[in-house]
Amino acid sequence: MHIVVCVKQVPNTTQVRINPETNTLVRDGVESILNPFDENALEMALQLKEKHAGTKVTVLTMGPPQAAEVLKEAVGRGADAVVLLCDRAFAGSDTWATSYALSTAIRKLEPADLVLFGKQAIDGDTAQVGPGVADWLGMPCIAYARKIEIADGRAVVERAFEDGYEKLETPLPCALTVLKEANVPRMASLRGKMAAKKLALQPTTAEAVGADPAKLGLNASPTRVVKIFSPPPKTGGVKWQGEEPAVLAQRLADLLRERKLI
Amino acid sequence: MGLKIDLDLCTGCGACVAVCPFCALAQRAADGKVEVNEACTACGACVDVCPVGALSMEVAEKKADAAALDAFRGLWVFAEQRGGKVQEVAFELLGEGRVLADKLGVELGAVLLGHQVQDCAATLFEHGADKVYVVDHPALAAYTAEPYSEAMSALIRKYKPEVVLAGATSMGRGFIARVAIQVNAGLTADCTELGVDVDQRLLLQTRPAFGGNIMACIVCPDHRPQMATVRPKVFKQPAPTAGRTGQLVAEKLDLKDPVVKVLETVNAMQNEVNVAGAEFIVTGGRGVGGPENFKLLAELAEALGGAAIGASRAAVDAGWISSFHQVGQTGKTVRPKIYIACGVSGQIQHLVGMNSSDTIIAINKDPDAPIFGVADVGIVGDLFQVVPELIQALKK
Ligand SMILES: Cc1cc2nc3c(=O)[nH]c(=O)nc-3n(C[C@H](O)[C@H](O)[C@H](O)COP(=O)(O)OP(=O)(O)OC[C@H]3O[C@@H](n4cnc5c(N)ncnc54)[C@H](O)[C@@H]3O)c2cc1C
Ligand SMILES: Cc1cc2nc3c(=O)[nH]c(=O)nc-3n(C[C@H](O)[C@H](O)[C@H](O)COP(=O)(O)OP(=O)(O)OC[C@H]3O[C@@H](n4cnc5c(N)ncnc54)[C@H](O)[C@@H]3O)c2cc1C
Ligand code: SF4
Ligand code: SF4
């Protein structure tokens, strides 16, 4: 079986802060990390590899040369092969153009039985790339997957809904976007780290994957970000402290009744 | 194309480097002037901060054929139904869609996909739809992304709406991204605010990104339809007008058999109130300390006359409660009348899921917890002392 995992390098958004004076984003010293949800997609692939002999896991990312870091991380954890799709032509791609570009790279690989994505990237936050790539590849896609079993060329997948989940059966090849609850990602092994160190990465260009230049980058992207701004600062209401819990609780109950909230 | 840097003007002050959300700018070692790399998404954030105007955005004007764009008219809402029940988010979208359609001077359409779901049409009219497009087909009986996207794309190609909105739910987000590829349209994810530029007939789509740390306004100038998913609970449901009707368009389509089969559906919240639609929510965070203490919150919920139990991700990750209760960026977005957060610190990823609640109450022993920044009433104290007292006071 051949599993392709798409991963993205993202800024660690929990470290991003707003400068209250200039109202701009402060990202000085914010590290770049492997998108947390993609760790779960990779883990799902590695667990399947352990279960199904002869499985190969290829990890693919599109991004700037620095994105090679997340591929090294993936090799450290056990990925067999990696692809760094890197070309100025991809700059400014929205999810439409990103999913096209990724699909061309996947087509260049040996045929994939399973293509895995994180649930969403923590920077763009759209959750659109996985279903989009699947569509370009003409594969079924199950979004929000939390479990997978593979037997006889078919997969049984659990997909989460707002209030429950469904068990689905799909033929292979297929694509999944993977939830955090699917598994607990492993750390890189010592042997893996050694392999990652030796990794000599050759960036793959748009031309190498035969991508149509008219479908790449900013100019091929239907969406345009016209403005970025900080969310309006929240102003809190009253804060009660320094009194007995019973007094505060009573005051709150009175207030709720007074405002006819209960 | 994209960001242009005028190196003659650049003084190497570094201001732009610090604001780029994508690490796309770096100062050259040689002279400190900036360079842009492939990570640039042309978001424009850096342009405004450059004190000397060295940065500008260049968009190759690829003027779309105006006549072709003009052929698209009308605003559509995907009427998500599950088990024959129209989901609340569809009504919320009809309410907002009505406002936008009136501004654009067009019809409001609702798209109903399923099998034997015609009965749902009446309530869609009552909530503001002028037309309801129904595709009733066995392939749509259970939701899977492939036949749903096939049906939606076929309708869009035939009737050419200029705007298509869907709920940013598991279903909406799961299939509409395929539709956007199939009809070659832009899709904006998870919007929290919509507007229109009537002159240019543009949908102005505002959405949080970076886990809620920034807001982005997005448009799709050269493609139709303009598609967006909208976060549940950000728009209020309109009051239905009893007896209001409209035109039913029953569309016969030849759909392929679904490749993905639904074997089983499990409702994980059978005996519990679902946080997604609840009027009262009591949420527990890491401060609750363990699974057994959620009982205390359940008692508070009962004293309020029936509230749903919410949870922060920390509580979910600790295994104290199932993920269906999680509120926040990667959980549910809620808008209850009263939201009581107990032992929740109030990280941005939690706040984006609940900060449009009508009344927010926070109980936390740390007076500097960020949750107090959004709380209408904040109580600084130990939840194990305050909550039992509150239960007593409410029971009186
Ligand atoms: C503020 C802001 C808002 C934006 N809003 C929109 C929008 O509403 N609509 C839109 O079309 N574009 C939008 N974009 C552009 C979008 O962020 C980029 O296209 C981005 O490259 C992919 O989207 P994402 O980060 O949301 O990924 P998601 O779709 O959330 O990612 C899902 C999964 O796809 C895979 N994946 C994503 N990117 C890559 C990659 N580069 N390489 C390998 N695998 C990948 C990963 O497995 C990831 O977990 C926005 C950009 C900005 C700056
Ligand atoms: C990509 C991403 C997505 C995320 N999505 C979500 C999401 O959807 N939802 C979500 O909630 N989080 C999400 N998070 C996690 C988020 O960043 C926080 O880590 C999380 O919300 C913290 O949960 P908490 O407030 O319960 O825990 P903590 O931050 O540990 O806060 C516990 C609070 O309890 C208080 N406390 C302790 N004991 C008591 C007591 N006896 N009485 C009163 N107060 C007490 C403490 O003062 C503290 O403020 C996400 C993070 C990332 C990176
Ligand atoms: S346009 Fe946006 S992404 Fe590009 S360099 Fe400026 S801030 Fe960074
Ligand atoms: S803000 Fe302007 S002057 Fe300063 S480093 Fe950036 S481009 Fe140069």
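Note on naming: letters A, B, ... go to the chains in the order of the sequence lines (proteins, then strands), and numbering restarts at 1 for each one. Just so it is clear, the model here is predicted, and its values are computed rather than measured.
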Aromatic ring pairing A:Y100/A:W136, orientation class (parallel under 30°, perpendicular over 60°, tilted between):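 Taking A:W136 first and then A:Y100, their aromatic rings stand perpendicular (interplane angle over 60°).
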
B:E389 (side chain) donor-acceptor with A:P245 (main chain) under 3.5 angstrom: no

Salt-bridge contact A:E162-B:K332 (side-chain N to carboxylate O under 4.0 Å): no

Taking side chain as everything from C-beta outward and backbone as N, CA, C, O, which of these in [X] sits under 4.5 Å from a heavy atom of chain A? Side chain, backbone, both or neither.
X	result
B:Q349	side chain
B:T188	both
B:F280	side chain
B:D317	side chain
B:I361	side chain
B:R224	neither
B:T206	side chain

A:S99 versus chain B, the contacting section by heavy-atom distance below 4.5 Å: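 It is the side chain, since no backbone atom gets that close.
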
Residue part contacting chain B, namely of A:Y144, when any heavy atom lies under 4.5 Å: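 Only the side chain of A:Y144 comes within 4.5 Å of chain B.
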
Which of A:P131, A:G63, A:C174, A:A143 touches chain B most, by non-hydrogen pairs under 4.5 Å: A:P131

Which of A:L179, A:L261, A:D125 touches chain B most, by non-hydrogen pairs under 4.5 Å: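 That would be A:D125.
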
Donor + acceptor pair across side chains of B:Q87, B:T169 (<3.5 Å):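 No, because no side-chain N or O of B:Q87 sits under 3.5 Å from a partner of the opposite role on B:T169.
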
